[in-house]
Amino acid sequence: MGEWSSFISIVRNLSLLYVTHKYVGTAAITYGPSMLPTLNITGNVLLVERISIRTGKLRPGDVVILRSPQTPRKIICKRLIGMEGDQVTYVVDPKNSDRCKTIVVPKGHVWVEGDYIYDSKDSRNFGAVPYGLLEGRAFWTLLPRKDFGSLAPKPKS
Amino acid sequence: MRQWMNIAKEAIARASIVVKFICLLHVTDAYLLSSSHVLGPSMLPTLNTTGDVVLVENLSHRIGKLGSGDLVLVRSPLDPKKSITKRIIAMEGDKVTFSARNHSFLSLVVPKGHVWIQGDNLYVSRDSREFGPIPYGLIQGKVFFRVSYAILIAFEFVPNIDFHCLYLFCNVGNI
């Protein structure tokens, strides 16, 4: 009976932790070059909160994590550029040309781009992303120590 | 003062048990089995217009065991606060041929990471023929069971047993 009750209490504590992770906030480890200079290639640990997504209080300029529309098991980290109805101008292929395109973000979708557009697979590749794929908003960097603090706003090009 | 501290401690201890139990229920609901009330004409004759209570299991889409022909609950790409129920017609890589609004036939290959969904009642269904293939990540669960109206009649929730309800009496079990 003793083992059963301790097992139940462990399961309950884990469930509480899970619900916090799913509905309040969590930590995320990011790596890759697509968000330079805001985030490192080798990796950052970010604090992510999920409340803004549910209340709809996101604004362009927020760093968000979302489920990749091409690989559903992967979570990617990009910056929110446009909400539904916004007009977005983007450079289609910055490595080869300066050609720009302007589109209006369709209803129920958002436009995300990495800060380092030369090496980022984002909405310029896979189009506007449905809002339902957004997972959280990153608002604080925990590691590495020298980057501890809130995330920088979009760098001006 | 000390009395209030003790009362507060006991209240927090009891509240935390309740909170943890609710979290356990929620985890079961999110990862194993949940129920949903679906309504609307886009899935006739499989599901009713006036509303059905269905059981949704949330395990298959996480382990990749969904295929064409499955009824799924997905988050709407047009309105992220709404969930819609449709049938998966094609998975990624499959070729889909459908007739657009102007009665011409269009063909496309479902891109990677996406699925093509359609309602069973093609005339009034807003589905992938309108908003294109949807990312797999929007799928919330697989509908596998409809709760029979026979149970509701048994508990006298339905006041008027007319012929319509007697017909629904037979609609129990797997979809």
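Per chain, numbering begins at 1; letters A, B, ... match sequence-line order.
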Ranking A:Asn13, A:Thr71, A:Leu66 by heavy-atom pairs under 4.5 Å to chain B gives rank one to A:Asn13
Rounding to 0.5 Å, atoms NZ (B:Lys20) and CD1 (A:Ile10) come to a distance of 11.0 Å
Quick one: are B:Arg75 and A:Pro130 in side-chain contact, heavy atoms under 4.5 Å?
-> no
If two hydrophobic side chains count as joined below 4.5 Å and joins carry through other members, does B:Phe21 share a cluster with B:Val19?
-> no
Going hydrophobic residue to hydrophobic residue with side-chain gaps under 4.5 angstrom, can you get from B:Val72 over to B:Val115?
-> yes
Note, B:Pro111 side chain near A:Gln70 side chain (heavy atom, < 4.5 Å) = no
Start with the C-alpha gap between A:Tyr18 and B:His26, add the side-chain angles, then the distance that decides, and say whether side chain to side chain contact (heavy atoms under 4.5 Å, CB included) holds.
-> CA-CA 10 Å; A:Tyr18 169 76; B:His26 173 79; 4.2 Å; yes
Got a sec: does the CG of B:Leu32 have more than 12 other heavy atoms crowding it under 6.0 Å?
-> yes
Most heavy-atom pairs under 4.5 Å with chain A, out of B:Ser16, B:Pro135, B:Gly64, B:Ser76, belong to B:Pro135
Search all heavy atoms of B:Leu78 against all heavy atoms of A:Lys107 and return the closest pair with its distance.
-> O-NZ, 3.3 Å
Which value, rounded to the nearest 0.5 Å, describes the distance between A:Tyr23 atom OH and B:Cys23 atom SG?
-> 10.0 Å
Do you know the tightest heavy-atom contact between A:Arg73 and B:Arg62?
-> NH1-O, 2.8 Å
Rounded to the nearest 0.5 Å, how far apart are CD1 of B:Ile17 and CD1 of A:Ile8?
-> 12.0 Å
Closest heavy-atom contact between B:Pro80 and A:Gly132?
-> CB-N, 4.2 Å
For A:Asp98, does the CG atom sit with more than 12 other heavy atoms under 6.0 Å from it, leaving out its own atoms?
-> no
Value for CD1 (B:Ile22) from CZ (A:Arg12), rounded to nearest 0.5 Å, stands at 11.5 Å
